[in-house]
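Accompanying notes for the structure given below.
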There are 2 protein chains.
Amino acid sequence: MMAAGNPTIHDVAKLAGVSTATVNRVLKGGYVSADARTAVETALKETGYRPNSMARGLRMRRSYTIGQMLTEITVNPFFANVAQGVENAARANNYRTVLFNHSNDSKRERLGIERFIDDHVDAVLFCTSTDATNLALLDRSGIPYVELERSRTTAAPFIRVDNYTGARQAMVHLVELGHRRVAFVGGDPAIQLPNSRRGYAVEEERLNAYRDCVQEFDLLTDPRLVRLGKYYSMSDTFPGASGYRHTRALLELDQPPTAIFATCDILAAGALQAIYDCRLRIPEDISIVGFDDTLAVCLAPALTTVSQPMARMGAAGFQCALDLIEGRAPLNEQTLPAELVVRASTGRAPG
Amino acid sequence: MMAAGNPTIHDVAKLAGVSTATVNRVLKGGYVSADARTAVETALKETGYRPNSMARGLRMRRSYTIGQMLTEITVNPFFANVAQGVENAARANNYRTVLFNHSNDSKRERLGIERFIDDHVDAVLFCTSTDATNLALLDRSGIPYVELERSRTTAAPFIRVDNYTGARQAMVHLVELGHRRVAFVGGDPAIQLPNSRRGYAVEEERLNAYRDCVQEFDLLTDPRLVRLGKYYSMSDTFPGASGYRHTRALLELDQPPTAIFATCDILAAGALQAIYDCRLRIPEDISIVGFDDTLAVCLAPALTTVSQPMARMGAAGFQCALDLIEGRAPLNEQTLPAELVVRASTGRAPG
DNA sequence: TTGTATGCGTTATCAA
DNA sequence: TTGATAACGCATACAA
């Protein structure tokens with residue numbers, strides 16, 4: 001029924017008794033007589049013809065592939081969710097995606113970008129990039145890119161989340177529950193990789209929201225309540241180890257906090273373990289809010305957290321990339337909202 | 001310095017003053033004079049030439065791409081870990097991978113396979129496949145495939161994990177801690193998708209290990225202690241919801257178990273929530289063991305679990321695929337060990 | 001309305 | 001040791 005290998009457009013043409021140009025016309029739309037059309041259509045069915053994407057890519061000088069550079073899909077589910085959002089949008093537009101995880105290693109990222117260039121990806125999406133000089137490689141190859149979550153450059157479109165407002169919701173929620181001694185466990189703006197000059201840094205926004213709320217609602221001010229570090233570790237066996245350590249330290253304070261705002265679910269997971277070890281009860285003894293909404297539903301108790309629109313961010317990123325590919329000019333910056341999801345880890349302040 | 005677009009092998013040839021054939025020879029190895037070689041090498045450097053993978057793929061009738069069909073990367077971290085293992089092995093062999101998630105929907109899987117065929121992937125890896133008739137599509141296109149974790153066919157290479165021995169370790173561990181009333185919360189062999197005739201089914205193996213140990217160690221036999229269902233739900237907001245429900249039911253028994261073997265970390269996460277709600281203490285009041293080692297380290301308390309060699313499984317799967325592609329005959333079946341990791345959720349039986 | 005012919009960038013055969 | 005050339009499968013300009 002079928003020759004060796006997959007049928008080509010030539011096979012279809014021969015079977016239908018027309019030229020490849022005619023087959024192409026019924027495929028892509030164009031002037032075709034009714035007779036020719038039906039002949040081609042039956043031939044199409046008979047052969048089960050499917051175009052060869054490499055040949056098409058070569059001819060069209062377009063691979064219909066976009067590269068996704070991720071920090072590390074296995075370490076934080078955040079990335080899997082973003083990737084999924086990109087993937088779905090891409091599929092819907094007949095695009096495929098190729099992933100690469102750089103593990104926050106700029107050299108690895110460079111390798112990945114070179115791979116992407118070899119693959120002739122039509123664009124690349126970063127979530128997130130480590131280094132502006134790597135991005136320059138893409139500029140040199142004329143490959144457009146967009147940045148998600150964090151940005152290293154001001155030229156490329158940037159999809160961000162409103163971390164400030166999201167973090168603020170978390171704090172307001174705690175204040176409304178009567179908490180006045182609230183700790184912050186989160187990313188250290190200082191140790192983050194060099195950012196662009198856009199003026200938004202994930203860490204700063206979250207920390208600023210905390211500090212502003214401490215002021216505004218006249219909460220307890222104590223520098224020991226603010227614990228900065230990394231969101232998760234690539235090297236520890238447990239990525240949330242630092243959340244654990246910070247929380248242990250907080251609980252050993254003469255006056256421990258009644259609530260902790262851990263600005264990443266992974267950090268919050270570590271915090272939950274520390275609290276468990278100290279035999280404290282959540283939320284009766286202490287409340288905790290996370291950020292991201294990744295692990296949150298899986299933890300015990302289910303975590304109140306600031307939910308990031310991961311899939312939407314991915315989809316928006318893909319749309320920007322497609323605009324760039326097709327010569328349209330996307331917004332240089334888009335801000336998506338984050339929203340507090342209240343679950344079981346927050347309650348009225350004790351005492 | 002560089003013309004529009006990426007440099008081609010022609011650009012290199014012209015710059016070096018040789019033919020493309022000579023450039024190809026220095027690239028791929030062959031008889032080249034010292035003079036020509038140095039000329040080409042400098043031209044290579046100067047242009048920053050990188051071969052066009054689509055042109056190569058077209059010419060070689062090989063895409064250097066393998067398709068990865070996953071159940072759903074965002075629902076169970078298991079898949080992200082397997083995918084990562086595949087990815088790393090693939091990169092090391094100059095292969096790239098393309099992912100597709102079917103969400104246990106056989107129609108979606110079919111769509112994905114058709115995509116893979118269009119992409120002319122050289123092979124596909126399933127983790128896991130839903131339907132043997134979908135696999136037949138690949139047979140028809142002459143695309144080899146391998147199955148990971150579960151198999152629907154006996155023809156394709158199959159990489160499996162020794163679930164029986166893994167589960168047995170968990171049970172023995174509990175027995176050694178003095179538990180005699182042990183519950184099983186796990187997958188129902190009956191509701192699983194139709195399996196191949198290989199005689200191993202993940203669910204059966206785990207359940208059999210449980211049952212054998214109950215017999216062998218003379219543990220309490222009570223049908224109410226065995227709770228079967230799905231490992232995780234795609235539709236609930238919390239994939240571990242059924243673990244929660246089963247555990248609640250178990251705790252309401254007149255004689256609740258002193259230990260629960262939940263054969264998936266997601267199920268175990270639900271169990272932990274139920275136990276937390278009931279204000280029981282782990283492991284003082286009740287012990288719990290999971291399976292997979294995905295969420296385990298993140299839970300409170302850190303979960304004792306049977307660790308699956310996810311990355312190894314992915315790497316082995318890729319190796320099989322490569323063997324198939326290059327005409328070697330890989331083992332038809334490979335069994336990888338699973339190993340108990342003891343953490344904080346298991347302790348001596350109370351009382 | 002249809003067919004012919006060419007090129008996309010590689011690889012590899014063959015003749016020189 | 002080297003270069004001209006053909007072919008992979010598709011899309012399309014141009015001719016008919």
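First the proteins, then the strands, lettered A, B, ... as listed; each starts at 1. Note that the structure is a prediction, hence the values are computed from the model and not measured.
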Please enumerate all residues that pass side-chain contact (heavy atoms from CB on, under 4.5 Å) together with B/Ala132, with sequence neighbours excluded. B/Arg152
Side-chain polar contacts of residues 308-319 of chain B - donor-acceptor pairs under 3.5 angstrom, sequence neighbours left out - could you list them?
from     : atom 1 : to       : atom 2 : distance (Å)
B/Gln308 : NE2    : B/Asp292 : OD1    : 2.8
B/Gln319 : NE2    : B/Asp323 : OD1    : 3.3

The side-chain contact (heavy atoms from CB on, under 4.5 Å) partners of B/Leu138 (sequence neighbours excluded) come to B/Ile113, B/Ile117, B/Val124, B/Phe126, B/Ile143, B/Tyr145
Phosphate-side-chain proximity, B/Thr22 and D/dG3, N/O vs OP1/OP2 below 4.0 Å: yes
I want to check one thing: is the phosphate of D/dT2, taken as OP1 and OP2, less than 4.0 Å away from some side-chain N or O of B/Ser33? yes
If each end axis of the helix from C/dT1-D/dA16 to C/dA16-D/dT1 is fitted on five C1' pair positions, the angle between them, to 10 degrees, is 50°
Only counting residues at least two apart or in another chain, list the ones meeting side-chain contact (heavy atoms from CB on, under 4.5 Å) with A/Arg59. none
List in chain and number order the residues that pass salt bridge (charged side-chain N to carboxylate O under 4.0 Å, His left out) with B/Arg115, two or more places apart in sequence or in another chain; answer none if no residue qualifies. none
So which protein nitrogen or oxygen atoms get under 3.5 Å of nucleotides 9-12 of chain D's nitrogens or oxygens?
from   : atom 1 : to      : atom 2 : distance (Å)
D/dG9  : OP1    : B/Arg61 : NH2    : 2.3
D/dG9  : N2     : A/Ala55 : O      : 3.3
D/dC10 : OP1    : A/Tyr49 : OH     : 2.5
D/dC10 : OP1    : A/Asn52 : N      : 3.1
D/dC10 : OP2    : A/Ile9  : N      : 2.5
D/dA11 : OP1    : A/Lys28 : NZ     : 3.1
D/dA11 : OP2    : A/Asn24 : OD1    : 3.4
D/dA11 : OP2    : A/Lys28 : NZ     : 3.2
D/dA11 : N3     : A/Arg59 : NH1    : 2.3

State, yes or no, whether a side-chain contact exists between A/Asn6 and B/Ser141 at a heavy-atom distance under 4.5 Å. yes
Pairwise side chain to side chain donor-acceptor pair (under 3.5 Å) hits with a residue in residues 26-38 of chain A, at least two apart: none
Where does the chain A footprint on DNA chain C start and end, counting 5' to 3' with a 4.0 Å heavy-atom cut-off? C/dT1 to C/dG9
Which atom pairs, donor and acceptor, lie under 3.5 Å between side-chain atoms of residues 84-95 of chain A and protein residues at least two apart or in another chain?
from    : atom 1 : to       : atom 2 : distance (Å)
A/Gln84 : OE1    : B/Asn101 : ND2    : 3.2
A/Gln84 : NE2    : B/Glu72  : OE2    : 2.3
A/Glu87 : OE1    : A/Thr97  : OG1    : 2.3
A/Glu87 : OE2    : A/Arg91  : NE     : 2.8
A/Glu87 : OE2    : A/Arg91  : NH2    : 2.8
A/Asn88 : ND2    : A/Gln84  : O      : 3.4
A/Arg91 : NH2    : B/Leu99  : O      : 2.5
A/Asn93 : ND2    : A/Ala89  : O      : 2.8
A/Tyr95 : OH     : A/Arg62  : NE     : 3.2
A/Tyr95 : OH     : A/Arg62  : NH2    : 3.3
A/Tyr95 : OH     : A/Asp122 : OD2    : 2.7

Tell me which pairs pass salt bridge (Lys or Arg N to Asp or Glu O under 4.0 Å) where either residue lies in residues 49-58 of chain A, with sequence neighbours left out. A/Arg50-B/Asp118
Got a sec, which pairs hit salt bridge (Lys or Arg N to Asp or Glu O under 4.0 Å) with one end in residues 100-111 of chain B, sequence neighbours left out? B/Arg110-B/Glu114
